[in-house]
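Working notes, beginning with the structure itself.
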There are 2 protein chains.
Amino acid sequence: MEVPLPASRPLRADAQRNREALLSAARQAFLAGDTDAHVKDIARSAGVAIGTLYRHFETREALIEEVYRTEVDVLCAAPGELLDQHPPEEALRRFLLLLVDHAAVGKGMSSVLEAIMATDSPVFDDARTRMADALSLLLHAGSAAGTVRDDVTGPTLLRALGGICGMRATEGWLAEARQITALLFDGLRHGAPQAA
Amino acid sequence: MEVPLPASRPLRADAQRNREALLSAARQAFLAGDTDAHVKDIARSAGVAIGTLYRHFETREALIEEVYRTEVDVLCAAPGELLDQHPPEEALRRFLLLLVDHAAVGKGMSSVLEAIMATDSPVFDDARTRMADALSLLLHAGSAAGTVRDDVTGPTLLRALGGICGMRATEGWLAEARQITALLFDGLRHGAPQAA
DNA sequence: ACCTAAACGGAACCGGACTCACCTTATGGA
DNA sequence: TCCATAAGGTGAGTCCGGTTCCGTTTAGGT
């Protein structure tokens, strides 16, 4: 129950191996669509006992978050690149769709994005903050350029996207989600100082 | 486990009393904000045993749905009235905000609205269908009048709203939700045949 | 080799929803 | 009025997850 600090002391070799096995097993399960895989199964398919799982991760949620941390990293790096290559408005549009599409990579990812975006769970505080910052960056760039309204904050928009990702469940959800996101985007432009 | 058909045979007097007590206790709890009140507590505060609760309601979810059925009825009646008193576009705007505000009446309502709107649970099939129909009505009226885009369906919009209601959790969520809803509305008008 | 802190294992626990076999009582017909 | 009987009520018990705890094992430094 005391997740070792990142660099407190290098993990023992076997511990390192197990930790990785757990992450890999969990990733496997989530990407396979088993959004709510049981901790026991994850542990078993990692060739480890539950106790070991809990030595490495405070809770089931914490394990999940760790699995997706790299995904979140990738996502949060996107805005910078997008702004380099596109005008702010377009960068924002692309990022919104990128998020939604990302949520589609296996049902697993979307449920985590949702958890990150739509809940208050302290486990996701870090991820949430980073993603809200990423959005703020885009919104500010857009409103500075006058093509995006300036009264919407990163965190607010993040919540909305979280809600949209919460739509996953039905057959055609991705199409629906994209459509709604486009709608939201139109709404963001609509109130812009100098736009339609 | 076999919810009596509405009018198969009039419930025995005591059964009727208990059923009502359960609904009332549940309503009480949900409106008080205890979104995930335990079935035992609900049963206890209704003065009956768990078994009795389960005689009347298939599952916890079913009880919840029943509690909110009347709410949903009210909500679904609104579009008709709104269309009588306002142009389609304005009726739509008002209805969207009405939904969000309704979700704010106690955290309980919002979680149920969310469950109705954002999941596939068969328990809410009925409510979901009715609400999607209500939205379709407004959307059609709006697109017929040329003030609302015509490529968004009731069910899709319902999902989006469900997502937004899923935002409840944080302090300022209502303000955020209203803002996002307004954004969505702007988006709906944006692609309209003859609009901005 | 030996020692010890680190890591592991897994039975036990706990907190929920839900079930079931048995008991209680409303009710309608004699 | 009273009884038969089926509708209704009961609550201990089951099931199913996540989580904890402590005795055992082992990596890895001396």
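Lettering follows sequence order; numbering is per chain, from 1.
Residues B/E90 and B/R94 form a side-chain contact, since some pair of their non-hydrogen atoms from C-beta on lies under 4.5 Å apart. Counting only heavy atoms from C-beta outward, the side chains of B/V72 and B/D126 never approach each other to under 4.5 Å.
Linking ILVMFWY side-chain heavy atoms closer than 4.5 Å, directly or via other members, places B/L97 and B/L188 in two distinct hydrophobic clusters.
The listed nucleotides are D/dG9, D/dG18, C/dA7; the one nearest the side chain of A/Y54 is D/dG18. Nearest nucleotide to the side chain of B/A13, out of D/dT10, C/dA26, D/dT19: C/dA26. When distances are taken from the side chain of B/A49 to each of C/dA7, D/dG11, D/dG8, the shortest belongs to D/dG11.
Look at A/H56 and you'll find a side-chain N or O under 4.0 angstrom from OP1 or OP2 of C/dC8. Here A/T52 reaches the OP1 or OP2 of C/dG9: one of its side-chain N or O atoms lies under 4.0 Å away.
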**Complete:** For nucleotides 11-16 of chain C, 5' to 3', base contacts (B), sugar-phosphate-only contacts (S) and non-contacts (-) with protein non-hydrogen atoms under 4.0 Å give -----S

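B/L11 has its CG atom 10 Å from the C1' atom of D/dG8, to the nearest Å.
Judged as a side-chain hydrogen bond (donor to acceptor under 3.5 Å, both in side chains), the pairs with a partner in residues 39-52 of chain A (not counting sequence neighbours) are, in order, A/D41-A/R44.
For the pair B/D186 and B/R189, the salt-bridge criterion is met [side-chain N within less than 4.0 Å of a carboxylate O]. The residues B/E89 and B/R93 are annotated as not salt-bridged, no charged nitrogen and carboxylate oxygen being separated by less than 4.0 angstrom.
Residue-to-nucleotide contacts include no donor-acceptor pair under 3.5 Å from the side chain of B/R12 to the base of D/dG8.
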